[in-house]
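The next block holds one structure in the form of structure tokens; read it before the comments.
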Protein chains: 2
Amino acid sequence: MTYSEENYLKAIYHLSLFQKKGVNTNAIAKMIDSKASSVTDMIKKLAEKNLVEYQKYQGVSLTAEGLLEAKMIVRKHRLWEVFLVEKLDFSWDEVHDVAEELEHINSEKLINKLDAFLGFPTEDPHGDPIPNAKGEIKKMDKKLLSELKLNQKSICVGVKDSSSNFLKYLDKQQIALGSTIEIIEKESFDASLIVLVNGNEMNISNKIASNLYVKTV
Amino acid sequence: MTYSEENYLKAIYHLSLFQKKGVNTNAIAKMIDSKASSVTDMIKKLAEKNLVEYQKYQGVSLTAEGLLEAKMIVRKHRLWEVFLVEKLDFSWDEVHDVAEELEHINSEKLINKLDAFLGFPTEDPHGDPIPNAKGEIKKMDKKLLSELKLNQKSICVGVKDSSSNFLKYLDKQQIALGSTIEIIEKESFDASLIVLVNGNEMNISNKIASNLYVKTV
DNA sequence: ATATATTTTTAGGCAAATCTAAAAATAAAT
DNA sequence: ATTTATTTTTAGATTTGCCTAAAAATATAT
């Protein structure tokens, strides 16, 4: 598979997590940062190879084979992210672009050895699940902080938005994966929250709370 | 720089270590496994970018800029090889192809962090020198085993041929980097040697001895 | 239900990297 | 020094992945 084919599969995979029907040509174009016509071309090629199911004008979906391929790319991406953070001291907002390149390195032995070296992690530095060698994904029951009940103790387990901007904000506020979080007051006017993060009281906007995943404890 | 451009630079670099004049079009074609006409095309492109010096029919050589680029690719290749062997338990005959892909990953931060993680190694698993971040290469005074004097104690510091075949042969004979080697007899008829490797007597053909680097002690 | 807007596809082209085959330059050999 | 052989370059095609612009299909709105 080419670099480009892999990127398309990955994009379709990510989009299909939110869209149960076929994934739109335009949505793919936006994610890949290309044009709808290019997407149509590539989709035809992927359909030829039996990696996607494609009906003209009806969007695409991954075949079983395509899904597995996509998961393997995601697996590689996230394992490399763990490597960068745990072993090479990258911060969680720096890993994405490099992992975007590393995910295309093609060696099963490499990725499985890396997996073992890292201790078979199940989540990446942003709390996203890492598919295992068979493509199985352990899903965690997490919820958005904005959906958490008052006075319910929880711990931070992931982010929805993993943009560098947001991650740096969290660093500044000393919010990290594993931080304990509890809502002690909800402001109905702007839906902002007063929370305890590791015991420290702070104010958090709704936008932040809508991008932080927590697990109740 | 594209993947392909990097491969050409690397090929020219390796060939120019043996050939002090301009490197031949045909030699490059053979190394890259392509055709002379393709090489001519690419060379023109690299000359445009000031990475090589090129005169029609006279071969190519690297400019200062091209040389540094080439060394950085070699640096990446060899650092990844160390990583694969030291951290992921690859054997020395398995690393080349994967490193061939990894060497194109483009992140200075990554490679310098990796370098530090590995403890700033100066040689790769085959005994080849690793350029440092400035492109400096610490050269070791090594010689071929075939050039070693009788009864001169030495240690194995590298291989000239790093084909999987040869490396597996060395594994089988329990010859590795760091093994002590001493010639105790030279057979003039076929130039084969009787040697002590870590104290064990064994017979070694001239071809083997001409592909093993040693350092006298 | 028809007109309007949006999305998707087709048609035709472009740039990069490669190739084959022929021509030009250089090297080797008698 | 010519001829012969080899190497290198040019010319013209091909493939991949992308593009723009126009046409076709689908969705939306009055």
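FYI, side chains are in, hydrogens and waters are out, and symmetry mates aren't considered; it's all heavy atoms of this structure. In this text, all values refer to a predicted model and were calculated from it rather than measured experimentally.
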Distance in angstrom units between Tyr8(B) OH and dA16(C) C1', rounded: 12 Å

Mapping Glu5(A) and Gln58(A) to their closest nucleotides on DNA chain D, which lands nearer the 5' end? Glu5(A)

Do the rings of Phe83(B) and Trp80(B) sit parallel, tilted or perpendicular, given the 30° and 60° boundaries? perpendicular

Looking for any heavy atom pair under 4.0 Å, which part of the strands does Tyr3(A) touch: base, sugar-phosphate only, or nothing? nothing

Quickly work out the Tyr54(A) OH to dT7(C) C1' distance and round it to whole Å. 12 Å

To the nearest angstrom, the CG-P distance between Asp41(B) and dA15(C) comes to 15 Å

Considering only heavy side-chain atoms of Ser37(A), the closest of dA11(C), dT8(C), dC18(D) is dA11(C)

Under 4.0 angstrom between Tyr57(B) side-chain N/O and dT10(D) OP1 or OP2: no

Would you kindly give the CD-to-P distance between Gln55(A) and dT7(C), to the nearest whole Å? 21 Å

With a cut-off of less than 4.0 Å, is there a side-chain N or O of Lys56(B) near OP1 or OP2 of dT10(D)? yes

If I take atom CD1 in residue Ile28(A) and atom C1' in nucleotide dC18(D), what distance separates them, rounded to the nearest angstrom? 16 Å

Using whole Å, what does the distance between atom C1' of nucleotide dA27(C) and atom NZ of Lys21(B) come to? 14 Å

Quick one: is dA16(C) close enough that its OP1 or OP2 comes under 4.0 Å of any side-chain N or O from Ser4(B)? no

Cation-pi, Phe117(A) ring and Lys87(A) (6.0 angstrom, 45 degrees): yes

Looking at Lys44(A), I'd like to know whether one of its side-chain N or O atoms comes within less than 4.0 Å of OP1 or OP2 on dT9(C). no

Going by atom types only, do Asp161(B) and Ser163(B) share a side-chain donor-acceptor pair under 3.5 Å? yes

Take the protein atom CG of Asn24(A) and the nucleotide atom C1' of dT26(D), then report the distance between them rounded to whole Å. 12 Å

Looking at His96(A), His126(A), His104(A), which one forms a ring-ring contact (aromatic ring centres under 6.0 Å, His included) with His77(A)? His96(A)

To the nearest angstrom, the NZ-P distance between Lys35(A) and dC18(D) comes to 12 Å

Looking across every strand, which nucleic acid part, if any, lies under 4.0 Å from Ser38(A) by heavy atom: base, sugar-phosphate, or nothing? base

Within the 4.0 Å heavy-atom criterion, would you say Thr40(A) contacts the bases, only the backbone, or no part of the nucleic acid? base

Thr25(B) near the nucleic acid: base, sugar-phosphate alone, or nothing, with a heavy-atom cut-off under 4.0 Å? sugar-phosphate

Ser162(B) OG to Asp128(B) CG distance, which is reported to the nearest 0.5 Å: 6.5 Å

Which listed nucleotide (dC19(C), dT8(D), dT8(C)) is nearest to the side chain of Asn26(B)? dT8(D)

